[in-house]
Every structure is written in structure tokens, then in C-alpha cells.
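In this chain, residues are counted from 1 in sequence order. Since this is a predicted model, take the numbers as computed values, not measurements.
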Amino acid sequence: MGEPGKTPMQIDLRRHLREKEIDRDLTRLICEIADASKYIVNSIRTGDLGVAGTSNLYGEEQLALDVLSDRILRKRLTYSGVVNTIVSEETDEIIKVDSNGSGRFAVAYDPLDGSSLVDVNLAVGTIVSIFEGDDIMQPGRKQIAALYVLYGPRTTLVYTSGDGVYEFNMNHLMEYTLTQKVSLLAESGGIYSPGGQRNLYSKGVEALVSKLEEEGSKLRYSGGLVPDFNQILLKGKGMFLYPHLKGKPQGKLRLLYELNPMAFIMEQAGGAASNGKIPILDVQPESIDQTEPLFIGCRKEVELAERLIAELG
């Protein structure tokens, strides 16, 4: 007899990682993050949506859920026994959590990306980047794993450890079970998700959007990186962009917490990610709050973005 609520074909996250022969410490870390997400989703469903009365280092008003999600994740990472260094989008410093140096991993995370959408009941997510060692200020190409959790109509977890991309669904027992290995993206797609004010786009970005529309791409934008990225990834086509803007040449999205992990996942799914000039994963971080423009999705669209920006600015 199997466990109640499970069918023989269901594979849970820990079993999957074991069968993929993922390193034991990395398995523990991924499972700790998955467990933390269970508390976060419960907080989203039942918690106070009011403002916590504090701001993060970017001057953004923190919702109570931001603070709580950060606390949940930090606690799980600290007590995992395998992490030595963490940095969160909600803090202004790199934190050493392992004084004896036995922890193997450095972790950067956004505990609740898109939190301003919670009060209007739109999807939000948690994003995590994992490096071997204690140096978090490395190009994203050196990540050993990345994942995000999407809190939508269903709660799903998507991860890569450099061998493809896998999606898991949280069942009624709050366990993650394997849904699918994500298929490779098409070379070009039919949807686009454009962030930022269009009247602030450069000539190159405006030409990109016009070209996408001419080719029949449909606009699909929720205002949240995780749900919009997830749509492109699972539909296997399209592009998300949050470009450089007039007055904001470095864009808005943060390299460590948002761009590196999403770029790693996208490249593992056969897509591409660029800041308009070079691959996101090749950008050398200079500060923990560094931002970069983002063009991510099907390879041909990303290549088109780079070409038009080089030609038109």
C-alpha cells in the first residue's frame, strides 16, 4: 500500500534529487528551501497584508509578508548546516551564518518577489541562487543550482542543477511532486512581457517591441517577474523584458536575486538571457544591489534585442 494521497507514479522532490544523484548537501539545501516555501505560502493565504513599517535598502516599503518571508528563509538556511553565506534582497549586507566554515554554499534570494501584488491577489514568487563556496559575488555562470517557487492558483517549484529544468507541484499534503521535465524552448515565440514605461524605452528597445508586435506576438504581462517568466518557460515560447530606460540606464531588476537564477534556468531550458549586450550569466557583480536590463526567453528574440540595441541604442 502506498502513502495516503499518493499514486505509485508520483515522485516527490527528495526522491527525485536522490535519483538524479544530486549531492547530499545540495539535496538538503533544496529541500530546506522547499520546506520554507510551505510556511511562506501559508503566510500568504492567512497572513496580515499590512505594511511592516520598515523599508528595504532600495527605499521600497516592505509589506509584513516581505519581512516574514525573509525571516522564514533565513532561519531555514541558517540552520540547514550546509550554508555559510547568505544575502537577501531585503537586507543591505552579506551575512556569514557559519562561523566554523563547515557550510559549503553561498545563497542569494528574493524571499517574496512581486510582494506588492499580494494585496490584489496576483501571483508572486520566491527566487533563489546557489553557489559553491562562500563567494556570492561571482558571475551567474558559476551557479550550481537555481530555483523559484510560484505562489499562484497552484504552488509550483522549478529548479535546475545544470542538467535540465524540472517542475514540481505542491499537492494537498503540501508535498512537492514531480510534474515534468520542462521541454526546450522554441527558437522564437508568440508572446512578450514588457516591463517599464514604453515612453521611456530607447530607440533600440522600441524597435524590438514594434518588431515583435509586427510578427504577431501577443502582450502578456502581469507585473510579476516569476509568473511572467513561468508562463514563457512552460509555454515554451516568448520573451520577458525589463530594459534600460531613459533616466534608468541599468534597468530595475537585481542581478544577484532575480536575473542570475532566472538566466540559469532559462539557458538550461534552451533559451537565452542578456542585458542587451552580453549574456546575464557573464556579468561580473560589482555590488549586491546591482541592477541590469533584462531580455530573456527564446534565443532569436534575445539575439534580435542585442542587434537592435547595438544598431539604434
Side-chain angles (χ1 to χ4, degrees), residues 33-34 36-45 47 49 51-52 54-74 76-77 86-92 107-130 136 140 143 145-160 167 170 193-196 220-234 240-242 251-266 273 280 288-294 296-297:
I33 296 165
S37 73
K38 300 174 187 179
Y39 292 94
I40 293 173
V41 72
N42 187 63
S43 299
I44 292 170
R45 290 171 178 168
L49 300 182
V51 174
T54 59
S55 298
N56 65 15
L57 75 156
Y58 310 104
E60 298 168 336
E61 198 172 48
Q62 285 182 302
L63 298 180
L65 285 174
D66 282 338
V67 178
L68 180 57
S69 299
D70 184 55
R71 188 176 301 163
I72 290 168
L73 261 170
R74 186 184 305 189
R76 300 299 297 228
L77 293 173
I86 61 174
V87 62
S88 165
E89 190 179 34
E90 302 301 328
T91 62
D92 59 0
V107 179
Y109 65 91
D110 186 345
L112 199 63
D113 187 79
S115 57
S116 62
L117 301 174
V118 171
D119 60 345
V120 292
N121 203 28
L122 291 177
V124 295
T126 295
I127 311 174
V128 182
S129 171
I130 302 171
I136 205 73
Q143 290 172 104
L147 64 88
Y148 65 85
V149 179
L150 174 61
Y151 311 107
R154 295 180 296 118
T155 298
T156 58
L157 181 152
V158 173
Y159 96 96
T160 184
E167 181 196 31
M170 183 183 286
S193 300
R220 296 287 185 269
Y221 184 67
S222 74
L225 171 60
V226 178
D228 288 338
F229 177 95
N230 190 71
Q231 175 179 221
I232 291 165
L233 182 73
L234 297 188
F240 177 95
L241 60 140
Y242 201 110
K252 175 186 177 182
L253 301 178
R254 285 101 195 194
L255 179 63
L256 293 186
Y257 318 107
E258 296 165 313
L259 306 193
N260 273 342
M262 293 311 212
F264 188 22
I265 292 169
M266 181 57 72
I280 289 293
I288 63 172
D289 60 347
Q290 181 172 337
T291 61
E292 293 285 335
L294 176 65
I296 190 167

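Side-chain contact annotation: S37 with Y151, donor-acceptor N/O pair under 3.5 Å absent. There is no side-chain donor-acceptor pair under 3.5 Å between S129 and N260. In this structure, a donor-acceptor pair under 3.5 Å is absent between the side chains of D110 and Y148.
Rounding to the nearest 0.5 Å gives a distance of 9.0 Å between CG of D289 and CG of L256. From R154, atom CZ reaches atom CD of E167 across 5.5 Å, with rounding to the nearest 0.5 Å. Distance CZ/R76 to CG/L73: 9.5 Å, rounded to 0.5 Å. Atom CG of L233 is separated from atom CG of D228 by 12.5 Å, given to the nearest 0.5 angstrom. The distance from atom NZ of K252 to atom CG of L225, rounded to the nearest 0.5 Å, is 10.5 Å. Here the CG-OG1 distance, from L253 to T291, works out to 8.5 Å after rounding to the nearest 0.5 Å.
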Q.
Test side-chain contact (heavy atoms from CB on, under 4.5 Å) on V124 and L65; report intermediate values, then the result.
A. CA-CA 11 Å; V124 295; L65 285 174; over 6 Å; no

Q) Checking side-chain contact (heavy atoms from CB on, under 4.5 Å) for the pair F229/V158: CA distance, chi angles, key distance, verdict? A) CA-CA 11 Å; F229 177 95; V158 173; over 6 Å; no

Q.
Between Y109 and L77, is the side-chain contact (heavy atoms from CB on, under 4.5 Å) condition met? List the steps.
A. CA-CA 11 Å; Y109 65 91; L77 293 173; 3.6 Å; yes

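The heavy-atom pair separating G297 from I232 by the smallest distance is CA-CG2, 4.4 Å. In this structure, S88 and D70 approach most closely via the heavy-atom pair OG-OD1, 2.7 Å. Scanning all heavy atoms of the two residues, the minimum distance from G196 to Y242 falls at N-CE1, 3.4 Å.
Side chain of T126 to main chain of P111: a donor-acceptor pair is present (N/O by atom type, distance under 3.5 Å, no hydrogens or angles). Put simply, the side chain of S193 gets close to the backbone of R220: a donor and an acceptor are under 3.5 Å apart.
Y257 has its side chain out of reach of I127: every pair of non-hydrogen atoms, C-beta onward, lies at least 4.5 Å apart. Between I44 and L112, the closest side-chain pair of non-hydrogen atoms falls below 4.5 Å. When side chains are defined from C-beta on, I86 does not count as touching T91, because their heavy atoms never get closer than 4.5 Å. Proximity of I296 to I280: side-chain heavy atoms (C-beta onward) are nowhere separated by under 4.5 Å. Side-chain atoms of M262 and V226, non-hydrogen and from C-beta on, do get closer than 4.5 Å to each other. You'll find the side chain of I33 reaches within 4.5 Å of the side chain of I130, heavy atoms only. At least one side-chain heavy atom of I72 sits less than 4.5 Å from a side-chain heavy atom of S43. In this structure, P261 and V128 have side chains that are not in contact, with every pair of non-hydrogen atoms separated by 4.5 Å or more.
Summarising the local packing, OH of Y221 is surrounded by more than 12 heavy atoms from other residues, nucleotides or ligands at distances under 6.0 Å.
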